[in-house]
Student: 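Handing you a structure now.
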Number of protein chains: 4
Amino acid sequence: MSHKSVDPRVVRSREALLRAALEELGAAGYAAFSMDSVATRAGVGRSTLYRHWNDRWELVADALETLNVQPRGRPDDGQPPRERVEQLLTHLARVLVEPPMASVVPALVHAAEQSDDVQAFFHAYSASRRQALTDAVRAGVEAGDFRPVDPDAASVALSGAVFYRRLLTGRPLRAAEVPGLVDTVLG
Amino acid sequence: MSHKSVDPRVVRSREALLRAALEELGAAGYAAFSMDSVATRAGVGRSTLYRHWNDRWELVADALETLNVQPRGRPDDGQPPRERVEQLLTHLARVLVEPPMASVVPALVHAAEQSDDVQAFFHAYSASRRQALTDAVRAGVEAGDFRPVDPDAASVALSGAVFYRRLLTGRPLRAAEVPGLVDTVLG
Amino acid sequence: MSHKSVDPRVVRSREALLRAALEELGAAGYAAFSMDSVATRAGVGRSTLYRHWNDRWELVADALETLNVQPRGRPDDGQPPRERVEQLLTHLARVLVEPPMASVVPALVHAAEQSDDVQAFFHAYSASRRQALTDAVRAGVEAGDFRPVDPDAASVALSGAVFYRRLLTGRPLRAAEVPGLVDTVLG
Amino acid sequence: MSHKSVDPRVVRSREALLRAALEELGAAGYAAFSMDSVATRAGVGRSTLYRHWNDRWELVADALETLNVQPRGRPDDGQPPRERVEQLLTHLARVLVEPPMASVVPALVHAAEQSDDVQAFFHAYSASRRQALTDAVRAGVEAGDFRPVDPDAASVALSGAVFYRRLLTGRPLRAAEVPGLVDTVLG
DNA sequence: CGCTAACCGAGACGGTACGTCCCGTCTTTAC
DNA sequence: GTAAAGACGGGACGTACCGTCTCGGTTAGCG
């Protein structure tokens, strides 16, 4: 077993910095995201920041992972598939318009093209998010609640619709439009 | 009639710079887009660049408009709706993986968040592209070839699926997968 | 004799520009002297300016020469030497604190170190100015109004005192102080 | 005692930059004084320069203060007043033609017009230099070695003559001419 | 009195320097 | 020995002028 005890200052700094990074993302958006500003927000020296993360992408990725832990949706507990699908899509639609994700996702789309690390992180992140949707679609198909579609293709179409509305049009999908979208794809 | 004649030097500079700007956008992406680098690429003085555009946003927005010229799609000529839909999606899927769009679109997604000009261009461009698809879906629904879906919602789901595969996964949609996608959404 | 007649447009431009140059010197001082601003003041194109003078120094030198013509002091007409000396020094003291010379002389002192042309102009200009003073001192000495000093050395000391007060102290010589200065040097 | 210790890098940078600034001032004069060039001369990044001084004025003023250190003139030790006056003027005449002052003083005359800081330094510097001369003149007057002149006015005339010859004529005062100047003013 | 040459305003051009900002690295001191 | 502070070199930003240049349009005065 490990005797490695972690310096409490390190813990404190990391947490303060991750929190500050999310604040900064929400407040300034990604393009204006400044490492200096994050350090200042956290009340910490710039060098401390760079000791924990080598560049802005590592910090942003790490900060986003902390958002990931909050389990979105508990294991299946008899919730009807359609309701589950609508819940997941509503959640996705909301995340895409609220800080800090609202300003981060477009940057992430772009950054993934430039950096393999970012790409790996972003694709894995998206995949894990979509897995829950695919599972719910499959359950609905098996239960006969939905048309007999390919669950994976359907979850791509559903997720894609939400992203499309957010990124390529001026009208992000509203919660009230989710049932219509589900009807369109899943019957 | 207008006698307003344009200094040929201006034409030369503008063209070289717009071309260089697209190159830079593709090569460096938007976050790393550098005005200095554009001027160097174009073999033009920095001050010439700033004489024509006040800042990077103006330049990028202007450069993108030059992509707008190629008229796309011929008028409806009795082509069967399903075939037309598949053709449009195949074309979109291909455009998203070939230069120059392959490298520009991700940058555009990001840049649109930062600049109203870029956003206006990008959304209008996307809308005009998708309009053709919506029309084809509607024709198919009316002809009874497709399920009775909302044409607009369906075209968002179809386009969204193509973008999702390109931007959020490591596997862009291949042409062979288009019929499966159409089946999933349109029955 | 020359039949070369000068295009009246040239005359008009030159005069407007020289006038504007003096205005600009007075208003902005030398350090902030801008060729663009001179052209604008004169209501003339920048290229017209550069057609007549190759650079700022030529223009400034030329503008200053126009100040030279106003004859400071008429030929000796029986004016008492002491009065004449005081008049010349009072005039010098005033010129050094009023536009446009006030801002130009310090610049000229400096520029004379950098450019042989400016040096030649400035030294000749100073020498011609001082010649009148030397003559007046000599007349006073010969008339027995002054101590038997070397007229040249005395005029250097007198002029030097006026410049010293203007350039090296915060208190330029006032007219009321001139008689005291003359007493000190000439008795 | 103070424990405030200074980062040796700061000391190194400051010294290199101040030295470079004086070099630049001498070489290029003030009008052509370039911050970029100073940084290059010092072998230091431009941002380091701006970290220590906000603009050229601050740098120039600071650089000049470094010239202030050499204490000049020993206390009165019974030296005859005329000899003392001649010594001071000879020293001034020599300083004005030898580096570093020879190239800096003209620039200073100009710069003092543009910057209150530079002006304050330059005038204080001149005043302290001239004070010694005024004292010597007063001593000579009291001892009856000189004519009964106003010591202050006389020291202005003497110093002014030296500056005049250096800055406004092509013939700086030579040591051999100093006695003649003293005779002219002080009898 | 019409032509042609000069002069004109307008403004684009390549450059250079400004002062500001932030990056990611590196060094020093304090705890 | 590790953390905090912050100096460092680098480089892009957008602005302002520099002195040069190209462009048509107008004006003057000669032929």
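Order of the sequence lines sets the chain letters (A, B, ...), proteins ahead of strands, with each chain counted from 1.
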Student: Just list the side-chain donor-acceptor pairs under 3.5 Å for residues 44-53 of chain B, sequence neighbours left out, or say none.
Tutor:
{"from": "B:R46", "atom 1": "NH1", "to": "B:D36", "atom 2": "OD1", "distance (Å)": "3.4"}
{"from": "B:W53", "atom 1": "NE1", "to": "B:D62", "atom 2": "OD2", "distance (Å)": "2.7"}

Student: Rounded to whole Å, please give me the gap between CG in A:D36 and C1' in E:dT20.
Tutor: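 Atom-to-atom, A:D36 to E:dT20, this comes out as 13 Å.
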
Student: Applying the side-chain contact (heavy atoms from CB on, under 4.5 Å) test to B:L22, which of B:L67, B:V60, B:L17 qualifies?
Tutor: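 Answer after filtering B:L67, B:V60, B:L17: B:L67.
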
Student: Quick one: does B:S13's side chain have a donor or acceptor within less than 3.5 Å of a partner on B:R9's backbone?
Tutor: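 Side chain of B:S13 to backbone of B:R9, a donor-acceptor pair under 3.5 Å: yes, one is there.
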
Student: List for me each residue that meets side chain to side chain donor-acceptor pair (under 3.5 Å) alongside D:R12, sequence neighbours excluded, and say none if there are none.
Tutor: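 In terms of side chain to side chain donor-acceptor pair (under 3.5 Å), with neighbours along the sequence ignored, D:R12 is linked to no residue.
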
Student: Could you give the CZ-to-P distance, from C:R12 to E:dA6, as a whole number of Å?
Tutor: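 Nearest whole value for this atom pair: 21 Å.
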
Student: Taking only the side-chain heavy atoms of B:D7 (C-beta and beyond), determine which of F:dC23, F:dA28, F:dC13 contains the nearest atom.
Tutor: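 Per side-chain heavy atoms of B:D7, the pick is F:dC23.
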
Student: Could you note down all residue pairs passing side chain to side chain donor-acceptor pair (under 3.5 Å) where residues 101-112 of chain B supplies at least one of them, sequence neighbours left out?
Tutor: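 Passing the test, one end in residues 101-112 of chain B: A:H110-B:H110.
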
Student: In chain order, what residues pass the side-chain contact (heavy atoms from CB on, under 4.5 Å) check against B:A28, with sequence neighbours excluded?
Tutor: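 B:A28: side-chain contact (heavy atoms from CB on, under 4.5 Å) contacts with B:E24, B:A32.
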
Student: So which of residues 42-60 of chain C are in contact with DNA chain F, with a heavy-atom cut-off of under 4.0 Å?
Tutor: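 Contacting residues: C:R46, C:S47, C:Y50, C:N54, C:D55, C:R56.
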
Student: Has the side chain of D:D117 got a donor or acceptor atom that lies under 3.5 Å from a matching backbone atom of D:A120?
Tutor: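 Side chain of D:D117 to backbone of D:A120, a donor-acceptor pair under 3.5 Å: no, none is there.
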
Student: For DNA chain F, which residues in residues 21-33 of chain D have a heavy atom at a distance below 4.0 Å?
Tutor: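 DNA chain F contact set from residues 21-33 of chain D: none.
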
Student: How many whole angstroms separate atom CZ of B:R9 from atom P of E:dG14?
Tutor: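 In whole Å, E:dG14 P and B:R9 CZ are 9 Å from each other.
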
Student: Between D:S37 and C:S13, name the one whose nearest nucleotide on DNA chain E is closer to the 5' end.
Tutor: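 Residue closer to the 5' terminus by nearest nucleotide: C:S13.
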
Student: After noting the C-alpha distance and the side-chain angles of A:L59 and A:R56, does the key distance pass the side chain to side chain contact (heavy atoms under 4.5 Å, CB included) rule?
Tutor: CA-CA 5 Å; A:L59 173 59; A:R56 55 165 51 191; 5.6 Å; no

